[in-house]
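The block underneath contains the structure these notes are about, expressed in structure tokens.
Start at 1 and go down the list; that is how both ligands and their atoms are numbered. A quick note: this is a predicted structure, and the numbers were derived from the prediction, not measured. Side chains included, hydrogens not; waters and symmetry mates left out as well; all remaining heavy atoms used.
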Amino acid sequence: MAQRGDPQDDAGARWPTARAIAAGVRDGSRRATEVLQAFEARADATEPAIHAYLLRARDQARAAAEAIDAAREAGRPLGPLAGVPIGLKDIFVTEGIETRCGSRILEGWVPPYAGTHARRLAEAGAVITGKLAMDEFAMGSSSQSTPYPAVRNPWSPEHVPGGSSGGSAAAVAAGSCAAALGSDTGGSIRQPASLCGVVGLKPSYGRVSRHGMIAFASSLDQAGPLTRDVRDAAVLLQVLAGPDPHDATCLDAPVPDYLAACERGAQGLRVGVHRAALDHEALEPEVREAFERSLAVLADAGATLVDVELPHAEHAVATYYVLCTAEAASNLARYDGIRYGHREARPSLRQTYEATRERGFGAEVKRRVLLGTFVLRKESYAAYYGQAQKVRSLIVRDYAQAFARCDLLASPTAPGPAFRRGERDEDPLAMYLSDVFTVGANLAGLAAISIPAGLSHATAERPALPIGVQLSAPVLGEPTLLAAAAAHEDRSEHHRRRPPTAEAIA
Ligand code: GLN
């Protein structure tokens with residue numbers, strides 16, 4: 001019996017990577033149906049405690065796995081994700097599978113089409129296991145803002161998994177899917193990845209289509225993978241990236257070989273550190289220590305550390321919350337109970353709208369719609385929305401100046417490890433501070449990744465919990481990002497650690 005948190009052999013059957021699964025299915029040493037069964041068994045065992053899934057698409061998954069095995073038997077070519085069980089955050093539109101974006105207002109909506117993400121994954125041979133739980137409309141940092149069962153952190157069910165892609169991070173950490181998709185508007189891939197001890201990659205804005213990803217804040221939203229290791233993130237990005245006729249903001253830039261980029265190493269890379277940000281009062285000492293150790297690992301891999309300034313970074317959270325609420329208020333106006341999902345029918349149209357939204361939206365979504373409507377009012381537009389746009393430009397310029405001196409930026413991903421359930425529910429501002437290190441990348445459209453950087457020390461108050469480190473690169477800098485992240489991973493064992501709940505049922 002392995003010890004709690006012991007590293008597991010990558011080649012072993014217990015925790016195969018997506019790459020190992022696909023390679024096995026392609027060469028005939030694994031069958032997609034058997035792989036699926038193994039992950040379903042793990043989901044059966046972990047779900048009662050973790051609640052990572054909002055919906056398990058068992059029938060569709062079985063049909064997809066059987067089709068892969070049949071294709072292999074018929075000698076047809078198989079894709080790079082052949083037979084890999086992948087869970088999708090419920091923000092992704094899935095044909096024939098109910099899609100709610102974690103909200104009652106969309107309850108009952110079964111999309112008649114697949115979004116670009118679900119379609120490209122399926123074409124690559126992935127087996128979609130179901131829809132993963134999230135903060136309603138991706139607004140939150142804990143995956144507790146939901147009318148459905150709140151997600152638990154597999155490392156400690158009394159702690160949150162982070163959010164809003166908390167179901168995605170928890171499912172990968174618990175082993176109930178091999179990889180997952182999340183969305184990141186202000187940190188929602190990276191922060192839960194950090195809190196659950198997995199890898200989370202937010203691609204550059206426009207690198208991956210937004211078609212079929214339900215809109216929260218359209219100038220910030222980006223889809224990306226949550227995986228067990230950096231190379232799996234590269235493989236998923238390869239499948240997802242590239243132009244899409246359905247999304248005019250999707251960049252028409254060539255897609256490099258991301259897996260090859262993982263082998264480039266960190267030799268000669270200049271890694272910038274904004275030291276002043278490390279004095280943030282919310283930053284826990286243990287996170288800072290883990291961060292310093294990660295810098296040493298990168299230096300050991302041949303990177304040079306340079307100090308940089310990001311003079312407007314302290315305004316990033318405020319800027320983000322003005323802009324994301326304004327865009328959300330506009331995007332969410334479409335949910336009126338008439339066109340999609342749930343309807344509370346009343347005698348008049350206006351009463352129907354009101355009753356549908358009253359029941360359909362939770363407290364945080366209402367708060368954001370109200371805030372967004374306020375900042376967009378004629379009387380407050382210049383002072384809030386207009387001002388935030390100007391500060392956003394300054395933040396973009398800060399990054400451009402920093403990247404003149406370095407290839408990548410490094411920072412902690414989140415100020416602390418997972419917090420206790422309920423701890424910040426009544427304090428939106430404390431919750432919003434979870435995003436201090438992540439929102440900048442969204443405001444500037446950067447590529448950014450969170451990778452495991454160790455565990456906190458167990459104390460009387462909390463068990464050992466994962467800590468992540470974040471690397472960011474200029475727009476379309478994913479190859480450099482992956483090179484450094486893989487070099488870090490190759491020199492550490494953090495990504496091999498498994499949560500005790502997963503060990504217990506393995
Ligand atoms: N925590 C941030 C928010 O609540 C980020 C959400 C996200 O990235 N989707 O808006």
Quick one: does Asp184 get an N or O within less than 3.5 Å of an N or O on ligand 1? no
Counting heavy atoms only, which part of Thr185 comes closer than 4.0 Å to ligand 1: side chain, backbone, both or neither? both
Thr356 and Asp336: CA distance, side-chain angles, deciding distance, side chain to side chain contact (heavy atoms under 4.5 Å, CB included) verdict: CA-CA 7 Å; Thr356 300; Asp336 52 13; over 6 Å; no
Hey, does the side chain of Glu364 reach the backbone of Ser145 with a donor-acceptor pair shorter than 3.5 angstrom? no
Gly163 versus ligand 1: do any nitrogen or oxygen atoms come within less than 3.5 Å of each other? no
Cationic N near anionic O, under 4.0 Å, Glu358 to Lys366: yes
Should you measure from each heavy atom of Arg368, which atoms of ligand 1 turn up under 4.0 Å away? 3 (C), 4 (O), 10 (O)
Just which atoms of ligand 1 are under 4.0 Å from any heavy atom in Ala138? 6 (C), 7 (C), 9 (N)
Just to verify, which of Ser143, Ser141, Ser188 counts as forming a side-chain hydrogen bond (donor to acceptor under 3.5 Å, both in side chains) with Ser164? Ser188
Using 4.0 Å as the upper bound for N to carboxylate O, is an ion pair formed by Glu292 and Arg275? yes
Should the proximity of Ser164 to ligand 1, defined as any heavy atom under 4.0 Å, be assigned to the side chain, the backbone, both, or neither? side chain
Quick one: does Met431 get within less than 4.0 Å of ligand 1, heavy atoms only? no
Please determine whether any non-hydrogen atom of Tyr321 lies less than 4.0 Å from an atom of ligand 1. yes
protein heavy-atom neighbour closest to atom 5 (C) of ligand 1 works out as Tyr320 OH, 3.3 Å
Distance to 0.1 Å, residue and atom name: give those for the protein heavy atom nearest to atom 7 (C) of ligand 1. Ser188 OG, 2.4 Å
Answer yes if the side chains of Ser156 and Arg462 hold a donor-acceptor pair under 3.5 Å, and no otherwise. no
Show the atoms of ligand 1 that are less than 4.0 angstrom away from any heavy atom in Phe216. 9 (N), 10 (O)
Would Val172 and Cys196 satisfy side chain to side chain contact (heavy atoms under 4.5 Å, CB included), going step by step from the backbone distance to the final call? CA-CA 9 Å; Val172 173; Cys196 289; over 6 Å; no
Glu364 and ligand 1 - part of the residue with a heavy-atom distance under 4.0 Å: neither
Mind listing the closest non-hydrogen atom pair of Val199 and Pro452 along with its distance? CG2-CD, 3.8 Å
Taking 4.0 angstrom as the limit and counting only heavy atoms of Gly140, give me the atoms of ligand 1 inside it, by number and element. 1 (N), 2 (C), 3 (C), 4 (O), 6 (C)
Would Lys89 count as a polar contact of ligand 1, with the cut-off being nitrogen or oxygen pairs under 3.5 Å? no
For ligand 1, which atoms, with element, lie under 4.0 Å from some heavy atom of Met139? 4 (O)
Work out which heavy atom in Leu283 is nearest to a heavy atom in Arg288; give both atom names and the distance. CD2-CB, 4.0 Å
Suppose we measure from atom 1 (N) of ligand 1 to each protein heavy atom; which comes out shortest, and what is that distance? Ser141 OG, 2.8 Å
Gly186 to ligand 1: N or O pair under 3.5 Å? yes
Please confirm whether Asp435 comes within less than 3.5 Å of ligand 1 when only nitrogen or oxygen atoms on both sides are compared. yes
If we count only N and O atoms by modelled type, under 3.5 Å, do the side chains of Thr129 and Tyr53 hold a donor and an acceptor together? yes
Passing candidate, side-chain hydrogen bond (donor to acceptor under 3.5 Å, both in side chains) with Asp184, options Arg190, Gln191, Gln222: Arg190
